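The next block holds one structure in the form of structure tokens; read it before the comments.
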Number of protein chains: 2
Amino acid sequence: MRDVRRKPGPCAQWDSQETDFIREILDLVGDKWSVLIIGTLADGPVRYSELADAIPGISQRMLTLTLKHLQRSGLVNRTAYPEVPPRVEYSLTGLGTSLLSTVLDLAAWSAGHHREIRGHQRAFDAEVTPTKR
Amino acid sequence: MRDVRRKPGPCAQWDSQETDFIREILDLVGDKWSVLIIGTLADGPVRYSELADAIPGISQRMLTLTLKHLQRSGLVNRTAYPEVPPRVEYSLTGLGTSLLSTVLDLAAWSAGHHREIRGHQRAFDAEVTPTKR
DNA sequence: CAGAATCCTCAGAGATACTG
DNA sequence: CAGTATCTCTGAGGATTCTG
């Protein structure tokens, strides 16, 4: 970060462009479902109903909405086959695939450190709320 | 992802533990300010007021709240010096530093692809709202 | 099957004022 | 200086119903 953000001053400051980048990516994948969808599409095209089954707890509304966001930003391709009953498949674009690996790094970090994190959280909570004493 | 998530079935499914990991990290850094704070702390300890200055637009409430979250999860250290006027410095823990690099990867990806993304978004919007015709 | 349309709720976040 | 304490409000997200 230091090389990206360095500016004269007592402490490095963010300029609006840099914060915009952060915001942009958080708007993209910082929501509740995007990462799960991207992960599900990692192995190839998946149908709408398969996505709904693969991602526990997602509502139709959120699935549709999130897919549209991802499609709008060019991370996901939507392919509708003119059949009856209708069939629609979603897949990662090149852009989406390039994001996948860095997102997987994040997921891996989380999996590797979640015990440590939970430990800190418990210790912190115990200290703040000293469980009656 | 394929090696992590593979399960018998028509399409890979997430189990609840994996989705929990994703949620955990998104709760941690998926909000509006965490990443900016972590980035600001990259170069070493920073005082509360310096953070407020370095991160444009953040309110005192959000700064305090986000710092507390990060501290609770063990990503950030809070050091209060018993002086008058009071001085408090925040710094990344080892855990926070280890997260920093993967977060910077995300930021770098965003910086490297934002033009492409914006292009897709504009094209998509133009197609959906055919700018009068 | 793959969604669109509605209605509703509650947490994330901003603004402002106060304090040890 | 480094926070708390309230109040308020927007919008992400859930549940349900309807349709090509």
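Quick caveat: nothing in here was measured; it's all calculated off a predicted structure.
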* Phosphate-side-chain proximity, B:S49 and D:dA2, N/O vs OP1/OP2 below 4.0 Å -> yes
* Asked: If you check every side-chain atom of B:P86, which of C:dA13, D:dC1, D:dG3 has the closest atom?
  -> D:dC1
* Validation row: B:D53, A:Q13 side chains within 4.5 angstrom (heavy atoms) -> yes
* NE2 of B:H69 versus C1' of C:dA11: gap in Å, rounded? -> 11 Å
* Round to a whole Å and report the spacing from CG of A:L63 to P of C:dA4. => 11 Å
* Name the closest nucleotide to the A:R78 side chain, picking from D:dC1, C:dA2, C:dA13. => C:dA2
* Assign B:Y90 to base, sugar-phosphate, or nothing according to its heavy-atom contacts below 4.0 angstrom with the strands shown. => sugar-phosphate
* **Nucleotide C:dG12, atom P - distance to NZ of B:K32 in whole Å** => 14 Å
* Round to the nearest Å and state the distance from A:R87 atom CZ to C:dA2 atom P. => 9 Å
* Is there a side-chain contact (heavy atoms from CB on, under 4.5 Å) between B:H69 and B:S34 once you walk through the steps? -> CA-CA 9 Å; B:H69 288 156; B:S34 292; 5.9 Å; no
* Verdict with reasoning, A:L99 to B:L106, per side-chain contact (heavy atoms from CB on, under 4.5 Å) -> CA-CA 8 Å; A:L99 177 58; B:L106 257 195; 4.0 Å; yes
* Asked: Any chain of hydrophobic side-chain contacts (each under 4.5 Å) joining B:W109 to B:I25?
  -> yes
* Asked: Roughly, in whole Å, what's the span from CG in B:D31 to P in C:dG14?
  -> 10 Å
* Asked: Counting just side-chain N and O atoms, does A:K68 come under 4.0 Å of either OP1 or OP2 of C:dG3?
  -> no
* Cation-pi check, B:R87 onto B:Y81 ring (under 6.0 Å, within 45° of axis) -> yes
* Asked: So which nucleotide from D:dC1, C:dG3, D:dG13 ends up closest to the side chain of B:P85?
  -> D:dC1
* Donor/acceptor link under 3.5 angstrom from B:R61 side chain onto base of C:dA13 -> yes
* Asked: Rounded to whole angstrom units, what separation is found between the CD atom of B:Q60 and the P atom of C:dA13?
  -> 17 Å
* Structure fact -> Atom CZ of B:R47 and atom P of D:dG3 are separated, to the nearest Å, by 10 Å
* Atom pair distance, as rounded to whole Å: CD in A:E83 and P in C:dG3 -> 14 Å
